[in-house]
Structure formats: structure tokens, C-alpha cells
Amino acid sequence: FKFLFQLITMLLFSGNFVAEKWLGFVTAIWVQTICGNNYTFANYSDVLKSLMFLTQMQLNNLSVAKDVGKAFGIFSGLVSDRWPTSVILIIGAIMGFIGYGVQWLVVSQRITPLPYWLMCVFLCMGGNSSTWMNTAVLVTCMRNFSKNRGPVSGILKGYVGLSTAIFTDICTALFSSDPSKFLLMLTIVPAVICLIAAIFLHETPPASTSTQENQETQFFNVFNLIAVTVAVYLLVFDISGPHKHIVSLVFTIGLLILLAMPLFVPLYLVFNKTRPGFDQEKQIHEPLLAQKIQKEETCAKVEEVEIQRKPALGEEHTIIEMAKTIDFWVLFLSFLCGVGTGLCVMNNMGQMGLALGYHDVSLFISFISIWGFFGRILSGSLSEYYIRKSGMPRLVWNAAAQIVMAFGYIALAMALPGSLYIGSMLVGICYGVRLTITPAAASELFGLKYYGLLYNILILNLPIGSFIFSGLVAGYLYDLEATSVPGGGNTCIGAHCFMLVYFIMAFACVLGCGLDLLLVVRTKKIYSKIHIERNLADPTMR
């Protein structure tokens, strides 16, 4: 940690503006690495169920309360254009510290279980914390690297996908999967990381030349390579079975080193590029205000001349204008079909594993997380590559993911040996694709001006989907199959427990695929235009 602090200090006082910009992106990666806390409910849900004597419906409604916290992310979207990134990050840190801190007090039995409604409130706060973190990071980085939205979304969302596996594996390695110590990690670590990022992450001018764009692409390839190395490292640890304490300790140290490796990009810029002169620094730093004023004046003139004209797809939309388009609602509903069903699996993995005879589901939780990473990182980079190469609509990847996800649910419903491995892998990959492609596509269809609010409106699908598929469908159908246990609560063992739930979710994915294909057809011209513009800007792509 001392060495890491020295590196960051060196970068901060290097006077190299470009290096500072990439240092901000590195801290954004670290924030995303701890933003998957909302997907870890299955790691301690059984303890809450037994301590509070809950039925599966009641437990699922607790998980819904956690996801409802994301609905309040609308507030972070509203202030994302008015408040600095640092303030948004600090609010997220405080919300998470309180929300997960109270859950830790309950699970560690330092206090008696709180009333059910009050537990819902604190789970909601914990869930809401990640929306402030995500909004701060995604909005800022999308604007800082607006010419590489696919890789930015893929890398950042990829680390969110790895977040669950990172927390789960470190807890398994150091604390033998102790739920109370796991929650203590969720309480402290995200708050510290957010406070660090609040210092370094801020809005900067995007690339303005093809040379700068190409340099960004090269650096994003480095970040992709590091991220894949982290994912493979986690995967090897998971599938290699139980480990001795010394091995687990070495694994944790190695993981922390890998998570610090993105710092090599800004360090490279410090040691391989001379400090910009005064004029160059002025040229880089001053335009933020000047560009903003010039942009506002230009927009005012355009609005005055074309006040009656509705914006076309690919142009800047206000939230009202966006809500009046068919394309937005098609995107919204298809997103619901993908992320709603995926969240249902994550929230109920503890009970899904138990139904098939697995008492420890931490491996499957890590599986969803790690394979979700591969879905995010690959879809972000490949979709960007094919847009530049042929103008393929980014939403093609969403349609493909929905079909593969449906096969994942069918595999889970069959309950054959290995079904849970195959199902968790396919669901993880496709869930990751959806969370990467949809935000990037939304920015291309409706613009970046109100992107913070747009992103959080799309994220409303998480609580809505969790309520529909987890709270209503899974909770109700599971309780129909379950038997009561002494002292309260219920349990269910066997393939029949979730079979109908899986088939309903498979049908929802097929419906989502149809919506995505409709959107592919409607946006084909937009992506052809983006393809032409990028080829004109970069001669190497012609």
C-alpha cells in the first residue's frame, strides 16, 4: 500500500495532464471493482433467512428492496450534470457504509435482527450506493473517452462483473466464506476506494485527433489484457478446489497486485513523455469552460432556428424527447427481459444450488461474475470493432445474448449433472453483454448531454426486473413447491423447485430477442453513419 501511495503521488505531481487523465480512469476501474456489491446477496441470504425466520417470498422481497435502491439512482442522474464527480462518489460511499454496515451488525449478531421493514430500508440504501458510484464513473469516462464508448463500457462494466468474484474469493481465501466478515468487507472497502477516486477522477476533454484516438485504443487494449488476466486468475483459483491458508494468502496478494497493474499506463506516460509546456497545458486545461460556453451558444442558436424540429436518432435528446420515441421503449423492454431474469438467478442462487444438492454456492456466484466479465469485455471491444469495420449495429450483440441466455435457462431447468455450471456460465456471459451493450448503444442513439439521467432511467429495469422475476415469479412459485421447517421459513429440494421459473424466464428472453432485432433494423442507418464518420476521421480504417 505504501508503494501504491508513492506511485499515485508521483502521478499526481508529475504535471502530465494526459497521465492524470488516465490515472482518473484507473481509479474508475477500482470503483467498478467494488460496485458489484449489489450482486453478492446470495453470499449471506441464507443467514438472514435463518436469523429472521423468513419464507422464500419474504427473502426475495428483501432482495427486491436491495434492487429498488437502484430506482433512486434517478437522483444521481439528475445531479450528474450539476455536481462534480467527487461529490457523487462521496455520497455513494456514505450510502454504502451505512447500508452494508447495518447488515453486518445484524448478521454478525452484534444487534438483534431489525424489523423487516427497517431491514428493507438498509438493503435499499446499500443497493442505492452503487448507482451513485456507477453514475459518477460511467458518465465521466464516457465523456472523457467519447470516441471509444464500447471499450470504455466493456472495461468498466467488466470489472463490475468481476467485483462479485473478487469479494467472494478474497472472503473465501481469508475468512472461509464467513458471511459477517464478508459484509464487513462490503462496508469498509468500497467507502475507502470511492474516497480515493474522488480525488483523481474528473471530467477532461476527449480525444480530438485520430492520433489521440489511436493511442486511446492501444491503451484500452492494455486494460483489456490486464482485465482478462485478472479473470483467468480468479477462474483458476475457483476451479482448483479447496486451498490451504498459505496458498489463499498468496492468491490474495497476487490479486491485489493485478488490480494495481492498470497504473502502468499512466506511469508509462509519465516516463515516456516530456512535461507539456505552458501553452500546451493551457490549450488542454482551458477549453473545458470555453468549449462549454461555445457549445451552449451554438446549441442556443440551433434551437432558435430549429426549435420545432424533433431530434433524429443519433442526435442529442432531452429526456422528454427520448421518452416520446418508440426506440427508447423497445430498448427499455428488451433490457428488462435480459437483466430482470439474470438478477433473478443471482438473487436466488443460494436456494437454486440447495435445490440441486449444493450447500455451498460461492463457486457458482463467482462463475456468474467471472463469465459475466468475459461477456462484458468481449462485447464492448468486438461491437466497437465491427462498427468501425462494417457498421454492424451494436444491438446485434444484445439479440444474440438473449437467445444464448434462453438456452442457459433451459439447461438449468433440465437439472442434469453439471447443469448449474453450464447455466451459471451462460447466464453470466449474456447478463454481462446486456449491461455493456445497452448503455453504450443508448449514448449513441440519444446522445451524451443527459447521459447520467438516461443511464439511471435504463437501470430502473434492475428493480423492476427483480420485483417481477425474483419477487413475484420465483418467490411465489418456490413457496408453492416448498415445505415448512420448524421455527418458521421453508425449504425445497429437487429439480421441480425452480423448473417453471426457468421456462418463464427462457420465454422472456426469446421475447427480448425479438425486440432487439426490431431495434437492429431501426438503427441500421445510424450505425452506417457512425461507421462512415469514423472511417473519415481515421485514415487507417479506410
Side-chain angles (χ1 to χ4, degrees), residues 34-72 92-133 163-164 167-168 170-172 174-192 194 343 346-351 353-354 359-362 365 462-463 466-467 470-471 474-475 478-479 484-491:
I34 49 89
C35 266
N37 48 16
N38 208 39
Y39 301 119
T40 60
F41 183 70
N43 280 325
Y44 56 92
S45 60
D46 277 342
V47 178
L48 283 178
K49 188 175 183 180
S50 60
L51 283 174
M52 299 180 68
F53 304 107
L54 304 176
T55 65
Q56 187 63 28
M57 177 72 86
Q58 291 171 322
L59 183 67
N60 281 3
N61 285 335
L62 270 185
S63 73
V64 170
K66 162 185 68 70
D67 294 324
V68 164
K70 291 185 176 295
F72 294 101
I94 294 170
M95 297 288 284
F97 186 82
I98 296 172
Y100 288 104
V102 172
Q103 293 177 62
W104 168 69
L105 291 173
V106 171
V107 169
S108 62
Q109 300 186 47
R110 282 170 169 75
I111 61 174
T112 56
L114 300 175
Y116 184 78
W117 69 269
L118 195 53
M119 283 298 294
C120 287
V121 170
F122 286 111
L123 264 83
C124 182
M125 287 183 68
N128 180 247
S129 67
S130 63
T131 66
W132 292 88
M133 301 175 197
S163 175
T164 305
F167 275 122
T168 301
I170 289 179
C171 186
T172 301
L174 299 181
F175 311 120
S176 301
S177 301
D178 185 333
S180 67
K181 291 177 180 176
F182 181 80
L183 276 167
L184 185 59
M185 285 176 58
L186 294 186
T187 302
I188 297 174
V189 175
V192 173
C194 282
L343 266 179
M346 294 179 200
N347 289 338
N348 290 276
M349 182 54 74
Q351 291 69 45
L354 186 62
H359 293 281
D360 183 5
V361 297
S362 59
I365 296 169
L462 297 180
S466 179
F467 174 71
S470 186
Y478 179 93
D479 283 344
S484 300
V485 296
N490 59 17
T491 188

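Quick caveat, the model's predicted, so the values are computed rather than measured.
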Is there a side-chain contact between [X] and [Y] in this structure, where contact means two heavy atoms from C-beta onward sitting under 4.5 Å apart?
X      : Y      : result
Pro113 : Phe53  : no
Ser45  : Gln351 : yes
Thr131 : Met95  : no
Gln103 : Leu186 : no

Nearest heavy-atom pair of [X] and [Y]: which atoms, and what distance?
X      : Y      : result
Thr112 : Val106 : O-CG2, 4.5 Å
Ser470 : Asn348 : OG-ND2, 3.1 Å
Gly96  : Ser129 : N-CB, 3.2 Å
Trp104 : Ser180 : CD1-O, 2.8 Å
Met133 : Ala93  : CE-N, 4.3 Å
Asn61  : Tyr116 : CB-OH, 3.3 Å

*Is a donor on one side and an acceptor on the other found under 3.5 Å between the side chain of Ser50 and the backbone of Val47?*
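Side chain of Ser50 to backbone of Val47: a pair is present.
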*Under 3.5 Å, side chain of Thr187 to main-chain N/O of Tyr100, donor-acceptor pair present?*
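Checking the backbone N and O of Tyr100 against the side chain of Thr187, a donor-acceptor pair under 3.5 Å is found.
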Gap separating the [atom1] atom of [X] from the [atom2] atom of [Y], nearest 0.5 angstrom:
X      : Y      : atom1 : atom2 : answer
Leu183 : Ile188 : CG    : CD1   : 11.5 Å
Cys194 : Trp132 : SG    : CH2   : 12.5 Å
Leu123 : Leu48  : CG    : CG    : 7.0 Å
Asn347 : Leu59  : CG    : CG    : 9.0 Å
Lys49  : Leu62  : NZ    : CG    : 11.5 Å

*Please step through side chain to side chain contact (heavy atoms under 4.5 Å, CB included) for the pair Val102 and Met125, ending with a clear verdict.*
CA-CA 10 Å; Val102 172; Met125 287 183 68; over 6 Å; no
*Got more than 12 heavy atoms from elsewhere within 6.0 Å of OH, Tyr44?*
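Yes, enclosed.
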